[in-house]
Structure formats: structure tokens, C-alpha cells
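Remember, it's a predicted structure, so these values are computed and weren't measured experimentally. Chain letters run A, B, ... following the sequence lines, proteins first, then strands; residues in each count from 1.
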Amino acid sequence: MPELPEVETIVRNLRNGHPREVRPVNPPPEQSARKVREPRPDYETAPLTSTSLLGKTITEAAVLWHRTLAEPTPEAFFPRIKGQRVEDITRRGKYLVFHLSLDYLLVHLRMSGDMLVTSVTEPLAPHDRLTLSLDDELRLAFNDTRKFGRVWLVDNPETVTGHLGPEPLDDNFTTSDLYALLTTRKRQIKPLLLDQTVIAGLGNIYTDESLHLSKIHPRTQSNTITQAQAEALWRNIRYVLAKGIEQNGASIDWVYRGGGFQNYFQAYGRTGEPCYTCGTPITRILVGQRSTHFCPRCQPPTM
DNA sequence: CACGAGACCTGTTCGC
DNA sequence: TGCGAACAGGTCTCGT
């Protein structure tokens, strides 16, 4: 679920101590706001705090669902993490990276994960899978309904993130880098963009939005992309990711409240609704087993 | 190498 | 209203 902008938002909140605010956003003109539901009851007992975790020391740890902890073993986890201080919190692709005194704690949220900061005096939320207690009675909980998420405690973060492709928002990620990534492979472009070893951070939403803005059909063979198309795609990938971050991510259903990017969707989730450019209904197809939304007129298949 | 199917999980929404 | 099917922001592994 969470893609690069959602992970970046969570990282910034944990690092800077700003709660994700649930506030109205200004929908772009002539675009209808998408529904955002009320918070789920279990979240109401788990209020977000505005406290930064930087400088806090870990005093307790609990693994509530054993498969959540990828490394090390649950028995080795607490003795090793106990007493380590949170020096920094960063992001690599869709991974959260906690820089501790001696080790790195990496978290991947997969489809339904979230990081909740509460007081240790609060009851656990229904889907808390791993919790850390820190100074000042703080609790950091990895909450993950579907149990797909994973946590690693390692001395070298590269052992977990080493397989990832470049960061699309990096200054040194250029349009010719993207062109090379596409043309040196012969794959459908959408699954290629979703492949984290090729480029890190894109998921289903931001891929559909990028391809739509770039007027590229999601099944286009990557090696047939022109230089001009690659340039447009490079610009639009960076645009939607930056816009997503600016909007604190996208909030759909009950996940990631506070985001506003759902109000800017042009393709994702708009099946049957008119394309903002040409009025043709947005179509949903399956590409690489993923739900894919596009405009059949603006994004024609390349023959 | 590229791609599809199935697995991993729980919860909500859809369609009859 | 009820109930099973379909679907969900991700990734991994296996077989062709």
C-alpha cells in the first residue's frame, strides 16, 4: 500500500515529530474529492503524538506476530536492540530505516503496515505486530492488519536494501538513466516500473498516474519507448511523487489518514469516470496481475 | 530473461 | 438480509 510518498511522510513524521493531520485539502478545480472514511475505532485509542523519536533510547521490545520479524530471531531481538538510541530515521525505496547506535532497524510496510506512536499507557491496537518502548513513556508500534510487513535488525542496511534500483527523486537520477533502464530490457512497462530492483519506490497508484500523464499504454514494451516518451515519463514520475509527498501521501479507505493525493488521482481508482483530458471513460485492466487504470484514448497501445 | 500463477493474510465491498 | 466472490497501496517463489 504505502508507496514512496506515504513512506516518506511517515518517516518525516517520526523524525520531525509532526503528527499527520487530518485536514481538508483543496481539491484541484473541476475534480471531485474522493471519499475518505472516518477513522477506524481502534485508531481512536492510538492517537498520533507530535513527539520526534530522534534521541530516544529503546527500553523494551515485543514481537507480537513472529513472522513480522525477518531478522534476527525473536529471542535475539530484544537483547540486541535494548539500550540503542535512535540517531536518525530515513527512507530507501519503500523501506523505513532507523539508524540506531549500533545497528539499523528496517521496516517494510507492504500492503497494510503503519507506524503508530502512542504512550505506553495506551492499550495495544488490534493489529499491532511489533512494539518498541522508548524514553518518556513512548511506544512505537508496527501495526499491520494483513501481516505482510517485515522488520529487520541488521548491522548493515545494504543487506536488506542492496537489491533496490535508483531513487527516482535523487538529483543524479536523470532522464537518460530512465531511458537506459527501459530500453535495456524488453518487458511490459508497468510491471517494469513496479520492479523495485529497476527503480525504487513506485507502486500501483503512482505508476498508473505517471503512465497516464505521460500518455503511455501500461502494456507498452519497454524497449520501444522513445527518447521523448522517456523524458515525459521521467518528469511525470518525479511530479507525482513530489506531489504525493507534498500532499502527505494518498489516503484510501482507512489507511493513511491525512493524505490528500487521492484528490489528484487522474487514473487510479477512476474506472468508468471520464478522463479529465478527453472525456473517455477510464478503463480497468489487469497487467502483471495488478489492477491497472488508464485512458484508452490518451494512452493508446503502440502497434 | 520475461511472465503468469499461487502464496502470504485480513478486512471491506460488491453482486446476486 | 445474507453469503460467497472479488478486491486491496506489495513482494516472493516456482514453473513454463
Nearest-nucleotide 5' precedence on DNA chain B, Q289(A) against K186(A): K186(A)
May F148(A) be described as stacking on the base of dC8(B), applying a 5.5 Å centroid limit and a 30° limit on plane angle? yes
Sidechain N-carboxylate O distance under 4.0 Å for R110(A), D144(A): no
What integer distance in Å separates D195(A):CG from dA2(B):P? 9 Å
Is the phosphate of dG11(B), meaning OP1 or OP2, less than 4.0 Å from a side-chain N or O of H127(A)? yes
Taking the six-membered ring of Y276(A) as reference, does the cationic atom of R270(A) (NZ for Lys, CZ for Arg) lie under 6.0 Å from its centre and within 45° of its axis? yes
Ion pair check, R235(A) and E231(A), cut-off under 4.0 Å: no
Using nucleotides 13-16 of chain C, report all nitrogen or oxygen pairs with the protein that are shorter than 3.5 Å.
none

Establish, with yes or no, whether the OP1 or OP2 oxygen of dT11(C) is under 4.0 angstrom from a side-chain nitrogen or oxygen of K94(A). yes
Ignoring hydrogens and geometry, is there a side-chain-to-backbone donor-acceptor pair from D135(A) to K56(A) under 3.5 Å? no
The residue among F265(A), F261(A), Y268(A) that forms ring pair (Phe, Tyr, Trp, His ring centres under 6.0 Å) with Y206(A) is F261(A)
Bracket string, DNA chain C, 5' to 3' - pairs by Watson-Crick or G-U geometry under 3.5 Å, | interstrand: .|||||||.|||||||
Could you tell me whether the phosphate oxygens of dT10(B), OP1 or OP2, come under 4.0 Å of any side-chain nitrogen or oxygen in K147(A)? yes
Does a side-chain N or O of Q188(A) approach OP1 or OP2 of dA2(B) to a distance below 4.0 Å, or not? no
Nearest heavy-atom approach of R139(A) to V120(A) is NH2-O, 3.2 Å
Presence of S112(A) side-chain N/O under 4.0 Å of dG9(C) phosphate oxygens OP1/OP2: no
Value for OG1 (T90(A)) from CZ (R15(A)), rounded to nearest 0.5 Å, stands at 7.5 Å
Closest-nucleotide mapping onto DNA chain C: is R284(A) or H108(A) further toward the 5' terminus? I mean the 5' end. R284(A)
For the aromatic rings, using the six-membered ring if either is Trp, is the centroid distance between H108(A) and Y95(A) under 6.0 Å? yes
Answer with base, sugar-phosphate or nothing: what part of the nucleic acid does G288(A) contact at a heavy-atom distance below 4.0 Å? sugar-phosphate
N16(A): which residues meet the side chain to side chain donor-acceptor pair (under 3.5 Å) condition with it, sequence neighbours left out? none
Below 4.0 angstrom from OP1 or OP2 of dT11(C), is there any side-chain N or O of R290(A)? no
Report which part of the nucleic acid R150(A) touches: base, sugar-phosphate, or nothing (heavy-atom distance under 4.0 Å, all strands). nothing
Quick check on dC9(B): is either OP1 or OP2 less than 4.0 Å from any side-chain nitrogen or oxygen of R67(A)? yes
Look at the side-chain N and O atoms of Y268(A) and state whether any lies under 4.0 Å from the OP1 or OP2 oxygen of dG9(C). yes
Think R146(A) has a side-chain N or O under 4.0 angstrom from the OP1 or OP2 of dG11(B)? no
